[in-house]
Structure formats: C-alpha cells, structure tokens
Amino acid sequence: MNSKEKLIFHVDVNSAFLSFEAVYRLQHGAKVDLRDIPSAVAGSQATRHGIILAKSAPTKKYGVKTGEAIWEAKRKCPHLVIIPPNYALYMCCHHSLVELLKGFTDRVQVFSIDECFIDMSGVIEADQSVETANLLRERIKKELGFTVSIGISTNKLLAKMASELKKPDAVSTLFPEEIPEKMWPLPVEELYMVGRATSFKLHKMGIDTIGSLAKCDLNLLKYKFKSWGKLLWDYANGIEDSSVSSANRETIKGIGNSTTIHFDVEDKKTAYQILLSLAETVGMRLRFEGLCCRVVSISIKKADDLTSYSHQLKIQSPIDSTTAIYEYCKQLFDEAWKGEPIRHLGVRVSDLSPASHVQLSMFERDWEKQKKIDRAVDQIRTKFGPGSIFRSNFLWTGLAPLEGGLSDDAAFPVMTSIL
DNA sequence: TCTGGGGTCCTAGGACCC
DNA sequence: TCTGGGGTCCTAGGACCC
C-alpha cells in the first residue's frame with residue numbers, strides 16, 4: 001500500500017440502542033443482559049409508533065428486522081422483550097464514544113448517533129492499523145461497556161463497508177487490493193447506497209453481486225440510472241475520496257418535524273393543531289440556529305394505504321416566526337388535503353438563510369411583534385423546559401403542544417450520497 | 001391492531017422569460 | 001401566429017441513509 005494513502009477507520013456501535021440500554025441496566029443492577037436474550041428497542045404500539053428500532057443478536061436469529069412492526073416481530077419471536085426508547089440516554093452514550101475517539105485523533109467525523117469515521121493518516125502506519133483498532137475496540141468495551149465493529153481502509157466508503165464484514169466486536173480491513181476477494185462476492189444490496197429500488201433494477205439486469213456491478217459497463221449504468229449510475233459504479237469499485245470532516249455539522253439545508261398521530265385525524269381543526277405543534281418545534285429550532293426559511297412544506301400520510309403526499313410554497317421574504325410558519329402550513333394544508341383520514345403529518349422548512357439578513361416585507365403581517373413573542377417563549381422553554389409554556393388551545397385536547405425532537409436529538413447530520 | 005422520524009440529493013415537468 | 005431553443009424557477013415525488 002502506498003504510504004501517501006489515507007488511513008480511515010469506521011467505528012460502528014453494534015445494535016446501538018439495544019447495547020446502550022443493556023449497559024445502562026447492568027450498571028443499575030439488572031441481572032439480565034439484554035444482549036443475551038431476545039429483546040428489542042421499539043416505540044409504543046398504543047401511540048402507533050410500534051416499530052423495531054434496534055434488536056439483540058438472539059432476536060436477529062428469528063429473522064426480525066429493524067423497521068419492522070412489533071406485531072410482526074412478535075409473530076416471529078413470541079417471547080421478544082420490548083424496551084421503550086430513551087433517546088437522552090443514547091445521546092449520552094454517543095457523546096462518550098465521540099470523546100473517547102477524540103483521544104486518538106481530533107479528526108473525528110460524527111456520521112450518525114452510532115457511527116463515526118476517524119482519520120488516522122499520519123497518526124499511525126498502515127501496518128499498525130489492525131493493532132490500533134483492536135486497542136480502540138477494547139478500550140470502548142472496557143470503558144463504555146458496549147462493543148463496536150471497526151472497519152479499516154483508505155477511504156470512507158471502504159472503511160464503512162469493512163466494518164460490516166464482521167460483527168459484533170470485531171476489526172476488519174478492506175484495503176483496495178482486498179476488494180475482489182472481500183467485497184465483490186457480496187450481494188449487490190450490501191453496497192452502500194444500493195437500496196430497495198436500485199437492487200430490484202440491478203437484479204433485473206442480471207447484476208446480483210457487487211463484483212458484477214463493478215465490472216458492468218459504466219455507460220450502460222449511466223444510461224439506466226443517470227448520475228446515480230456513476231456513483232454505483234464508483235462505489236462498487238471502491239472509488240470514493242471525500243475527507244473526514246471534523247466540522248461539527250455540515251450546513252443545514254432544512255429543518256423538519258413530523259409525527260404519527262395516535263388516532264386518525266379526520267377534521268381540519270385537529271390537523272391544524274398538530275401542524276401548530278410541529279410548527280412550534282420547527283420554528284424554535286430554526287431560531288436557535290439563527291436561520292430563516294423561504295420554503296415551507298407540509299406532508300400528509302394517509303391512514304388507509306400509508307402513502308403520502310406533500311405540498312410546498314416558496315415565499316418572498318424569509319421568515320422564522322412560528323406563527324408565520326403555521327399560517328403557511330394551514331394554507332398549504334387547505335390546498336392539499338383531500339379529506340381522507342390522516343395518520344401522519346409533517347412540517348418542514350428549507351431554503352435557509354442567516355436570520356440577520358432578513359428583511360420583512362411591507363405586505364406581510366406584522367411579524368416583528370410576533371418575533372418578540374417567539375423569542376420570549378424560546379427563552380422560557382430554554383430556562384424552564386419545553387413543557388413550561390404552551391398555547392392555550394392545546395389544553396384538554398390530549399395533543400402534545402410540541403411535537404418532534406428538539407435540539408440535540410434532532411441534530412444529526414445525516415449522510416448524503418457523497419460520504 | 002396496524003409500518004417512526006430525522007435528513008440530503010436528484011429528476012421531471014410546467015411556467016415563464018428572452 | 002408559426003416555429004424552435006435555451007435558461008431559470010418552482011413544485012412534487014422518489015431515491016437513499018441512519
């Protein structure tokens with residue numbers, strides 16, 4: 001291997017949410033390790049959030065998959081122990097992991113709540129990489145209590161693919177020269193960025209393994225998949241060269257909140273209230289980021305077939321006020337809703353710009369006053385908690401006045417197609 | 001009795017302008 | 001009114017990730 005090449009580790013927490021729970025419970029006197037029994041972290045069925053978020057290795061043996069409905073999982077695994085999620089705990093575990101990694105190098109890129117890349121180029125030599133990764137793996141296990149899989153290679157894509165090779169509690173390499181042997185025999189859907197739609201099309205073309213995708217004619221892929229084809233071909237060949245970015249976060253492109261309501265919404269008034277609760281959190285997050293938006297969109301998921309549709313609007317002058325966002329949401333909802341029962345509603349803002357550049361349009365409502373109210377409410381919520389103040393129209397409705405994750409929970413930079 | 005919630009990027013089509 | 005092209009902006013939807 002060329003010494004000028006980069007050396008990247010991908011650190012992936014095994015069954016993250018479930019491991020975090022297991023460790024926490026053991027630390028608090030639990031006799032059973034959740035990782036040793038059929039168990040899963042899942043939302044509440046009563047509020048229709050009942051899907052599997054993470055599962056133990058024994059659960060996996062029953063064929064239970066992440067994202068599956070609880071009732072489906074229980075059909076496969078009747079004695080499944082269900083644990084409700086505790087995101088605050090997971091954030092703590094996440095921060096501990098990041099801190100530990102920063103002890104090795106400051107070039108740490110947080111990729112998700114349970115995945116990080118670290119750039120070890122120049123820190124160690126390539127021939128020390130497995131040894132170092134094992135050291136890191138052991139330290140995490142000893143100090144934090146959970147296991148990780150570490151992948152090693154010369155770029156982020158290969159490091160990520162490497163960490164998938166052996167789980168749990170393992171270190172694997174996938175250097176470019178190992179691609180034919182280790183990556184090409186894998187089913188094509190194992191390749192990062194090959195999801196359901198793409199793998200279906202690839203199989204139809206007779207491309208079943210990553211190797212066969214790698215050897216496929218690039219022009220054919222470009223013809224069939226447009227720009228996506230080039231990405232697929234590159235990834236199948238291990239080509240990717242983005243850098244490990246230790247910046248806290250990429251520039252935010254949009255902020256959204258959405259929620260599955262625990263009953264079907266069939267009237268406009270209820271829908272409005274949910275939109276308001278979503279707009280409240282979206283607005284607050286927008287203002288905390290010091291941003292304004294020029295696009296507001298809503299999404300509606302139908303109760304009967306779970307399909308969804310959306311409607312959006314571009315506005316002339318950027319806004320950051322909850323009321324303004326809410327007013328546009330109502331308008332969008334009225335234009336879009338066809339009257340069918342609703343299971344899920346979402347509010348999202350995009351086309352963001354710094355709040356300081358905002359000029360209020362003369363023709364729009366007096367939102368200067370509204371801004372002051374927003375600011376005051378934000379301050380009270382920051383100081384006394386999100387539940388300390390809410391709009392009186394939520395009283396007695398049984399609806400949450402604030403819907404969706406605030407601050408940290410939602411602050412995850414999610415990956416783009418360019419790693 | 002019932003499938004979450006947070007993101008990013010790309011594309012196609014229509015409106016509109018030159 | 002016919003013909004055509006190029007470009008931008010906006011919107012809806014779909015792909016993917018964790």
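Quick caveat: nothing in here was measured; it's all calculated off a predicted structure.
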Is [X] touching bases, backbone alone, or none of the nucleic acid, heavy atoms closer than 4.0 Å?
{"X": "K74(A)", "answer": "nothing"}
{"X": "G67(A)", "answer": "nothing"}
{"X": "S297(A)", "answer": "nothing"}
{"X": "L313(A)", "answer": "sugar-phosphate"}
{"X": "G346(A)", "answer": "nothing"}
{"X": "E68(A)", "answer": "nothing"}
{"X": "G43(A)", "answer": "nothing"}

Between V194(A) and Q312(A), whichever has its closest DNA chain C nucleotide further toward 5' is Q312(A)
Exercise for the section: Look at the aromatic rings of Y235(A) and Y192(A) and report parallel, tilted or perpendicular, splitting at 30° and 60°. Expected result: parallel
| task | Describe, in one word, how the ring planes of Y90(A) and F17(A) are oriented to each other, choosing from parallel (under 30°), tilted (30 to 60°) and perpendicular (over 60°). | result | parallel
Looking only at side-chain N and O atoms, does [Y] offer a donor or acceptor that is under 3.5 Å from a partner on [X]?
{"X": "H203(A)", "Y": "D208(A)", "value": "yes"}
{"X": "R287(A)", "Y": "T322(A)", "value": "yes"}
{"X": "T260(A)", "Y": "H344(A)", "value": "yes"}
{"X": "E327(A)", "Y": "Q331(A)", "value": "no"}
{"X": "K102(A)", "Y": "S246(A)", "value": "no"}

Measuring from the side chain of [X] (C-beta onward, heavy atoms only), which nucleotide among [options] has the closest atom?
{"X": "R294(A)", "options": "dG4(B), dC16(C), dC10(C)", "result": "dC10(C)"}
{"X": "T198(A)", "options": "dG4(B), dA15(C), dC18(C)", "result": "dA15(C)"}
{"X": "H49(A)", "options": "dC18(C), dG4(B), dA15(C)", "result": "dG4(B)"}
{"X": "W71(A)", "options": "dT3(B), dG4(B), dC17(C)", "result": "dT3(B)"}
{"X": "R348(A)", "options": "dC17(C), dC2(B), dT8(B)", "result": "dT8(B)"}
{"X": "R196(A)", "options": "dT3(B), dG5(B), dC16(C)", "result": "dC16(C)"}

Answer yes or no: is there a donor N or O on one side and an acceptor on the other, between the side chain of R107(A) and the main chain of S243(A), under 3.5 Å?
no
Atom CG of D351(A) and atom C1' of dT8(B) are separated, to the nearest Å, by 15 Å
Atom OH of Y87(A) and atom P of dG5(B) are separated, to the nearest Å, by 9 Å
Per nearest nucleotide of DNA chain B, the residue lying toward the 5' end, I261(A) or K253(A), is I261(A)
Dot-bracket assigned to DNA chain B with the 3.5 Å Watson-Crick/G-U criterion, [ ] for crossing and | for other-strand pairs, is ....||||||||||||||
By side-chain contact (heavy atoms from CB on, under 4.5 Å), S15(A) pairs with (sequence neighbours left out) L18(A), S19(A)
Considering only nitrogen or oxygen atoms on both sides, find all protein atoms under 3.5 Å from nucleotides 11-14 of chain B and state each distance.
residue, atom, partner, partner atom, Å
dT11(B), OP1, S227(A), OG, 2.9
dA12(B), OP1, K226(A), NZ, 2.6

Smallest heavy-atom separation, A271(A) atom then V265(A) atom, equals N-CG1, 3.7 Å
